Amino acid sequence: MRKARDDSDPLTLAIRPAPDETSAERSLREAQEREAKRVSDEIDAGIAEHKRQLRLDSSVKVLLLGQSESGKSTTLKQFQLIFASRQFQKERQLWKLVIQLNLVRSIRIILEHLSSLTTTKPIPFEENKPSRTMAMSVHPLNGSPRMNASSSSVAVSSQSSGMSSDSDIPSTAGSVSHSRSSHPYGASSPVTPVTRSPTTPFSSPLPPAALSEPTEMPKLSDYHRTLRMRLLPLVHIETSLLRRLDPSGEDYEATQLGTNWFTSGKELFVRSTGNWKEKLSRLRGRLDHDEDEMSDDEIDFDSPEDPGNVINACKDDMLALWHDPVVRQVLKMGNVRLEDMPGFFLDDIERITSLSYVPSDDDVLRARLKTIGVSEYTYDVNMMGERTTWTFYDVGGTRTQRSAWQPYFSHVDALIFLAPISAFDQSLAEDRRVNRLEDSLLLFKSICKSKLLISVNIILFLNKVDILQSKLNSGVRVNKYVKSYGERPNEYESVSKFFRNKFAAIYREYTPKEAKKMFYIHMTSVTETKAMRNVLSSVCDSIFRVNLQTTNLT
Ligand SMILES: Nc1nc2c(ncn2[C@@H]2O[C@H](COP(=O)(O)OP(=O)(O)OP(=O)(O)O)[C@@H](O)[C@H]2O)c(=O)[nH]1
Ligand SMILES: [Mg+2]
């Protein structure tokens, strides 16, 4: 049995007061003991603070990867909306200008298309066809171009990346993005009207409308020409705002009315080094400033030239243009599906052009702002009772941007890879010969194989399932684009399971055997906040737990 006080313990013996201790000695001893306790408490507090600091320093770092328009930046917006909503609310007004520019861009595309009817000869279909014998392909990860010899009518990227055996998705060269009417936020790029190759049995068919409609373009009247003239200020506003947001102009070319519309497909983008939020704040902040403080790159929001006023003044003409039957026919015959492009707001003209317009959450999530470079975003979030710092790296997804990803591989805890599975019938905007789903599969394979990512947890979002669903509902057949889909039912359950298995098989086959990491797959529509609340909570929770375990702080 243990004694209440152990007289044989050397420490107890050493600190035991002397039996003949005087009261002065006792006071001194007690003072020394109090001081020792104070020092000890201070050390404990220091250790606790150090641990807290370590936790903060070892913030959770997440890399967002995937091809362009896969939904990376939208995932980040959802994270912010759900976990850092105050910041999201604060930035809501900044998105107003982006949304208005998205709207103006759609108008510009219509105007350029109308203009091309009158000023330039449409490019003959055959000129857009890739070479039958030699074609460029690009490595899916580093974006470096290579020349491929190809005996087929098109160069398929798998031929250059050793994927020909496991890739059964034909190139969409010689095809166009399929037109559909029911999904408003579809993210296909403007389609290039090229013919179906007669020698590739699996090339995407042209939409029936493009094949069966009469070939004669409707005539534009003076009314259309006047409408065009009246909308020109919008285009100038766009040019000037884009210049102000990116004065280098490196990735932006001034819009030239009268050029062929598909040669001027430049879109609004955010450059990682550009601090667009600050620039937009400055442009917007003019109202709060003193007149004298106005600098050259600010806009006078009180002036009739202010973008909000100009856009508002053009409301009726925009509505007239978008609803004009001749314009609709011209677009249809040119196979221009604005509804399928990201940042489509033409059905919201009334609301968005209002002087008192404030973007809704949904508007912000639908807004399209292309990423250039790698942007870092940090949020302090309460998770599992802890205040934790989350750092996200949002990258540009076009092929030429991918070489910038690698330096981030070695110091992130997890990566979220987004593959838009609705894109099985679309081609890359940057290379019309490459099927978007195939590009995602090849990219995912490179990620799985990467030795640098051997201990990085992978979360795969098979995204844009809402668009996939509406495509299937409107009758687009998967087996026209994916040979191995065979005679399975053309229904969401079966198609989503098939794609899920395809990605899971790549993970199993190509991840190095020694890798120890978690891997989850989620079917997502990252624009849908309600569903994403559960998905992101569960994803962040798992990343956070694994992170705590690995830093040994639990
Ligand atoms: N309907 C629908 N639209 C989506 C979904 N995910 C993204 N979008 C839209 O698709 C467009 C492109 O999304 P982004 O998040 O900008 O794509 P990204 O991957 O960041 O593209 P880059 O910056 O070019 O690399 C945006 O207009 C989004 O609103 C989805 O699941 N469903
Ligand atoms: Mg982006």
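Just so you know, ligand 1 is whichever comes first in the structure, and atom 1 is the first atom listed for that ligand. What you are looking at is a predicted structure, and each value in this text was computed from that prediction instead of being measured. Residues take their numbers from the sequence shown, with the count starting at 1.
- Contact atoms of ligand 1 toward Pro342: 11 (C), 27 (O) (distance under 4.0 Å to a heavy atom of the residue).
- Remark: side-chain polar atoms of Ser450 are not paired, donor with acceptor, to backbone N or O of Ile447 under 3.5 angstrom.
- With Val358 as the fixed residue, the side chain to side chain contact (heavy atoms under 4.5 Å, CB included) test singles out one of Lys96, Gln93, Arg351: Gln93.
- Taking the ring-ring contact (aromatic ring centres under 6.0 Å, His included) definition, one finds that Phe417 meets it with Phe444, sequence neighbours left out.
- Every atom of ligand 1 is numbered from 1 in the order shown, and the set under 4.0 Å from a heavy atom of Lys370 is 23 (O), 24 (O).
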How far apart are the C-alpha atoms of Trp390 and Asp380, what are their side-chain angles, what is the distance that settles it, and do they pass the side chain to side chain donor-acceptor pair (under 3.5 Å) test?
CA-CA 6 Å; Trp390 285 74; Asp380 275 337; over 6 Å; no

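- Heavy-atom contacts from other residues, nucleotides or ligands closer than 6.0 Å to NZ of Lys517 number more than 12.
- Within ligand 1, counting atoms from 1 as listed, the ones closer than 4.0 Å to a heavy atom of Ser73 are 15 (O), 20 (O).
- In terms of polar-atom proximity, Ser70 is counted as a contact of ligand 1, with an N or O under 3.5 Å from an N or O of the ligand.
- The distance from ligand 1 to the heavy atoms of Asn463 drops below 4.0 Å at these ligand atoms: 5 (C), 6 (N), 31 (O).
- Checked by atom type, the side-chain pair Arg92/Gln89 shows a donor-acceptor distance below 3.5 Å.
- No part of Pro420 comes within 4.0 Å of ligand 1, judged by heavy-atom distances.
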Check the pair Tyr520, Ser538 against side chain to side chain donor-acceptor pair (under 3.5 Å), reporting the backbone distance first and the verdict last.
CA-CA 10 Å; Tyr520 291 116; Ser538 119; over 6 Å; no

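- Around the Mg ion (ligand 2), the protein contributes the following N, O or S atoms at distances under 2.8 Å: Ser73 OG, Thr371 OG1.
- For the pair Arg366 and Trp95, the cation does not sit on the ring face, since its NZ or CZ is not both under 6.0 Å from the ring centre and inside 45° of the axis.
- The shortest N or O to N or O distance between Thr371 and ligand 1 is under 3.5 Å.
- The backbone N or O of Gly396 lies less than 3.5 Å from a partner atom in the side chain of Trp405, making a donor-acceptor pair.
- At least one N/O-N/O distance between Gly71 and ligand 1 falls below 3.5 Å.
- Side-chain N/O atoms of Ser354 and Ser356 include a donor and acceptor closer than 3.5 Å.
- Annotation for ligand 1: atoms under 4.0 Å from non-hydrogen atoms of Ser525 are 31 (O).
- Polar contact with ligand 1: present for Gly397 (N/O pair, distance under 3.5 Å).
- Heavy-atom proximity to Leu365, at under 4.0 Å, picks out these atoms of ligand 1: 28 (C), 29 (O).
- Residues Tyr379 and Phe79 place their aromatic rings such that the two centres sit under 6.0 Å apart.
- Applying the 4.0 Å criterion to heavy atoms of Gly343 picks out, from ligand 1, the atoms 27 (O).
- With sequence neighbours left out, Glu528 forms a salt bridge (charged side-chain N to carboxylate O under 4.0 Å, His left out) with no residue at all.
- At least one N or O atom of Asp466, backbone or side chain, sits closer than 3.5 Å to an N or O atom of ligand 1.
- Only the backbone of Gln67 comes within 4.0 Å of ligand 1, counting heavy atoms alone; no side-chain atom from C-beta on gets that close.
- Cation-pi geometry between Lys471 and Phe424 is met: under 6.0 angstrom from the ring centre, within 45 degrees of the axis.
- Defined by atom type and a distance below 3.5 Å, a donor-acceptor pair is missing between the side-chain atoms of Thr398 and Glu430.
- Less than 4.0 angstrom separates some heavy atom of Ile467 from each of these atoms of ligand 1: 1 (N), 2 (C).
- Contacts with ligand 1 closer than 4.0 Å are made by backbone heavy atoms (N, CA, C, O) of Val395 only, the side chain lying farther away.
- Under the side chain to side chain donor-acceptor pair (under 3.5 Å) criterion, Ser360 pairs with Asp363, not counting sequence neighbours.
- Using a 4.0 Å cut-off between heavy atoms, Thr74 contacts ligand 1 through both its backbone and its side chain.
- Scanning Lys77, Glu430, Lys464 for the heavy atom closest to atom 9 (C) of ligand 1 points to Lys464.
- Checking only distances, Arg366 does come within under 3.5 Å of ligand 1, N or O to N or O.
- Counted by atom type alone, Asp394 and Ser375 present zero donor-acceptor pairs between their side chains at under 3.5 Å.
- Judged by the shortest distance from any of its heavy atoms, Gly66 lies outside the 4.0 Å radius around the atoms of ligand 1.
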